[in-house]
Each structure stands twice: as C-alpha cells, then as structure tokens.
2 protein chains.
Amino acid sequence: MTDASAGMRYSHAMPATEELIHQTLAKTLLAGRLAPGTQLVETRLAEIFGVTRERVRKVLHRLGHERLLDVVPNRGAFVASPTLDQAREIYEARRIVEGGIVGRLAGRLSAAQIAALRAHSAREKQALRQGDRAVSIRLSGEFHSLLAECAASPLVLRQLQELVSRTSMLVAFFEPAASSECACEEHEAILGALAQGDTGRAIKSMHTHLSLIETRLTPRAATPLPLAAPEEELKRAWAAAQRGQRSAGKATPRKAAKR
Amino acid sequence: MTDASAGMRYSHAMPATEELIHQTLAKTLLAGRLAPGTQLVETRLAEIFGVTRERVRKVLHRLGHERLLDVVPNRGAFVASPTLDQAREIYEARRIVEGGIVGRLAGRLSAAQIAALRAHSAREKQALRQGDRAVSIRLSGEFHSLLAECAASPLVLRQLQELVSRTSMLVAFFEPAASSECACEEHEAILGALAQGDTGRAIKSMHTHLSLIETRLTPRAATPLPLAAPEEELKRAWAAAQRGQRSAGKATPRKAAKR
DNA sequence: TGATCGCATATTGTGCACAATATGCCCTGA
DNA sequence: TCAGGGCATATTGTGCACAATATGCGATCA
C-alpha cells in the first residue's frame, strides 16, 4: 500500500503472497479495525495466513518501519496507539509538504490540469449536496492526491501518500464521525489561487484548510469501532484479499511441492 | 544514517553492532566510495564485519528499501547506479519539500532563529573567502538542514535528510569536483525574504537556488574516485567505525537543541 | 567458427531447531 | 493482606543446514 509498487522490484511474476499479507495488514490497520495496543503474535498470524513465521516476521518489521505498528525489540509488534501529539505532527508535515506542492504548482498548471481539478471539485460539491457522505469523503481525500500527482514527483507523491495513510488511521480513531469531509469551498479557494498563479495565497489557503481539518479531531480516547476479536477480523480480511486476488494458477499450494 | 535515530526503538542499551554496520555501509555508499554496479555478496560482508550472514542480509535489504542499493530478488544487492533522471527527480522533490519549508517558515521565524541562520550564513561566507573548500561544502549543506530543523517537523526533517543523503551520493558521481558549494548569496536571498515574511519571494529563491545546484551536475558516466577493491574499502570503513564507537559513550554529538 | 544446450558453481532464499528474553503467577514471609 | 523473589511459560531472536535460483563456462553439433 504505502510503497508496494514503488518499493522493491517485484515487477515480474512472483509469489506475491508476502506482498499480499503486507497489503492486508496495512489496510486493516489503516482502517482502524484493530484496537490500539493489541499485540500481533507471529505464530498466530502465521497460521492465520498459512505461511511460516519468518514471513510474518518480515512483514511485521516492515510495518514497524512504516510506523503502522509499534515493534519493541524483545516484546513483539503492537497496534500503534495514535496520540493527538502525533496527529499534530502529521498535519504539520502535511502543511509543509502540500504547501510545497501548491507553491511549486502555482502558475505552472496547464489548462487541462486546471480543468481536471475543477471538474473534481464540482463532483465533490455535487456529492456534498446530495448528502452522499461516503463518496464525499473519498473525493475530498482524492483532491489532495490529485494535486500531488500534478506535481509529478514520485518521491514527494510517495511521502504524501504515507502521510495521507496515517491521516486516515487517525481519523478512524479521533474523528467524531460527523462531517469529516473537506469543505469544498476551501478546495475551490486553493484552486482559484493556483489558477491565478498567486503563490502566497495558494499556500495560505492550503495551510488554513489543513488546520481546519485538524481542529475537527477530538481527544476522545475510547475506540469508536466494534473491534471484535482481532483474529476474526484478520481472517476475514485475509479471505477477502485472497478472493480479490485473481487466480494466479495456484490458490493455496503453500506446502505442495516438497521433496 | 537516514533513519538510524528516528526509526526503530533501540533507545536502551543494545548491541548496536547491526546498527553500526548499517551506518558504515550507508556512509560508504553515500560518499560514493564504491563503484556503481558492484555486487555486495552476503557471505563476503559477513566475514568482513565478523557477523553471520543473516545480519548482513537484513542490513542489505534495509539499504535497498532506502534506495541506497539495488537489491534484485534472486540475484543480490548492487551499488546503485545513479542516473541523471534520478538526479532530476531528487532535486525536484527537494524544490517541493524545501519550498514548503520556507513557505511555512516565512514570517514565523523568531528573532533568535533568524539570528542563528544569519550567523551560519556569515560563517559560510567567511569559509568561502578563506578558500576552505571542505568546510565551505559542509556548511552549505548544513544550511538546508538548519532550515528544516527550524520547521520543527520530525517527519519532514527525516524525509529531507534522506533526500540530502541521496543528493550527496549524486554529487559524488556527477559533480565536476570544482565549486560544489552553494553560492552563499543565494542563501542570503532566501534568508532576507524569510525575515521580511515575503512567502512568494522566499519560495522562488529556494527554487532557483536548487535549480542552479542541479545544473552543475555533469553527465559524465565514469566514476571519478579511485575505487580500489571494495573489500579493502569496506574493511577500512569498518575498522574506523569500530574505533569511533569505542569512545562514544552516549549519543552522537550531531543532534542540536530540540524544542 | 559460432551458436546452443546442459552442467557445475556461486549466491541468495527459507524452514527449523534452539537460545535469549520478558512476563505473569505462585509461593513465601512478615 | 501485601511485598518480593524465583520459577514456568509464552514470545521473539538467531544460527545453521539445505533448497531454489541464476550465472558462466565448456562441450557438442551444424
């Protein structure tokens, strides 16, 4: 998810089962479906995913490196407990990076790009007017990704996507579950400044926009989601991931070919 | 080096030998002392560093994740061969990120911070006037790090340091070995705009500054450094690292004042 | 002579068994 | 009843042996 495609070179045909496990776990974590603090035991995950412990181990350490898990040397891997301080850090980083993006984009966007962004913004407004909250939230997030893509910098895009991922994990815990979408007027303000090439105003708009989102986070500590047994949650996610995977010739031939 | 301190939680006393190996390899790679394309064989490194192959293996994969090595699944780890395209990507990313930093900093710097930056700039100018090239290069790079630290965002700081690291690897290969330091007038221009709170001008200064550095890279492919036997080079680096480790009782003196 | 196939070898990948470590429980003593 | 220490156990860390894979070289044939 974070760097599945941009990271290692698994471009050619490979048993991507390890990659699939990583995606599954990352997606589950990012959706906030696991209670913070719960330990992910290697052997347990190994039998859930039907692989050896070493495989799980590598994935766990990688997720720790990506800050989605807290991995403590001789203790294990735990679901990260996001704090409001961390949230502030993430939003500050987004202000800087996304401010840099619009600062680079101001006055350099092609007419086609501006049109595409305007069209996206219009879709946002329509979804909002129709009260379609799920679509509205998705489109609001995509606006920022779209902006990052316009910058055409793979390195910055990767970094921003990691920040956005962690943002989504945050809102899963702190958001009051009401009005979590961006106000699309703010997006339009950014767009207007960009089209005019007004660098200063574009950046200021982006800064205040992100700050407004940040203030919506509430410091409640209790986890708002059901959070049943982590085992069941992971089993379900794994089954879905495998189902979504196209038939790659072999479904689950984990220990078939042996001596 | 890239995320040695900010990454895993090895805060308490640990046999940091694995971490030390990572630092040693990273530093050697970053300095460009290894010819691009040379393979780093696990068993060979294992006996050089006096550890088991698995240790080396982990470090190698980590360096691959950090893009300092090209690690190909069933082939091995190779010293990355930087291309001019990659160089362009890195400098574009730095324009965006560092543009974001100055955009965030403009008009928000304290008098003390401005004074510190001005003092640093003065040191740069003095070193340049005295013809002290080594010091001059180091100070020029530190100016950018200093700016990033003023932004007080650990996430952005980490990202930028990775970019700066890769930049230093690039110049080791492409730089014509003459006048590789930043022109300190450009730094002063950025500083002036920052002090005045002129966001647009600060960003523009930063953009042109980085672009100017980028144009100094020459597309020669031959490696300019001696590049003796990689074995000897690594043995030397390892011995130096172990020697330096002896006296380092606590933390490295690289960290400055935090918040 | 040149191209191709097959084998030998060097290198990476992985499962397994065991070691190291932390945690929680129970037992003891006042 | 509670504090403290030691043992049992659950979990992670690591070395090793073997399997899988790619590469290079040489033999063979047209």
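By convention in this document, chain letters (A, B, ...) are assigned in the order of the sequence lines, proteins followed by strands, and residues within each chain are numbered from 1. Please read these numbers as outputs of a predicted model, since none were measured by experiment.
A donor-acceptor pair is defined here as one N or O able to donate and one able to accept, closer than 3.5 Å; no such pair exists between the side chain of B:Glu233 and the backbone of B:Thr28.
In this structure, CZ on A:Arg33 lies 5.0 Å from CZ on A:Arg236, to the nearest 0.5 angstrom. Interatomic distance, A:Ile90 CD1 to A:Met169 CE, rounded to the nearest 0.5 Å: 6.5 Å.
Atom-to-atom, CZ of B:Arg57 to P of C:dT14 comes out at 7 Å; the value is rounded to the nearest Å. Protein atom NE2 of A:His61 is 12 Å distant from nucleotide atom C1' of D:dT11, rounded to whole Å. B:Arg44 has its CZ atom 13 Å from the P atom of C:dA10, to the nearest Å. Going from atom CZ of A:Phe78 over to atom C1' of D:dA10 covers 12 Å, rounded to whole Å. Going from atom CZ of B:Arg53 over to atom C1' of C:dT12 covers 6 Å, rounded to whole Å. B:Lys58 places its NZ atom 18 Å from the P atom of C:dT12, with the value rounded to the nearest Å. With rounding to whole Å, B:Glu42 atom CD is found 16 Å from D:dT21 atom P. In this entry the distance linking CD of B:Glu47 with P of C:dA10 reads 14 Å, nearest Å.
At the phosphate of D:dT12, OP1 or OP2 sits under 4.0 Å from a side-chain N or O atom of A:Gln39. Residue B:Thr52 has no polar side-chain atom (N or O) positioned under 4.0 Å from OP1 or OP2 of D:dT14. Listed pair B:Arg75 / D:dT23 meets the phosphate criterion, a side-chain N or O lying under 4.0 Å from OP1 or OP2.
Residue contacts shown for A:Leu40 are limited to sugar-phosphate atoms, with no base heavy atom under 4.0 Å away. Looking at heavy-atom distances under 4.0 Å, B:Glu54 makes contact with a base.
In the set C:dT14, D:dT14, D:dT12, the nucleotide with an atom closest to the side chain of B:Arg55 is D:dT14. Of the candidates D:dT14, C:dA22, C:dT12, C:dT12 carries the atom nearest the B:Val41 side chain, counting heavy atoms from C-beta on.
Look at B:Glu66 and B:Arg62 and you find a salt bridge, because one of the NZ, NE, NH1 or NH2 atoms lies within 4.0 Å of a carboxylate O, short of that distance.
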Handout entry: Worked check of salt bridge (charged side-chain N to carboxylate O under 4.0 Å, His left out) between A:Glu92 and A:Arg95
Key = CA-CA 5 Å; A:Glu92 177 64 15; A:Arg95 273 188 287 269; 3.1 Å; yes

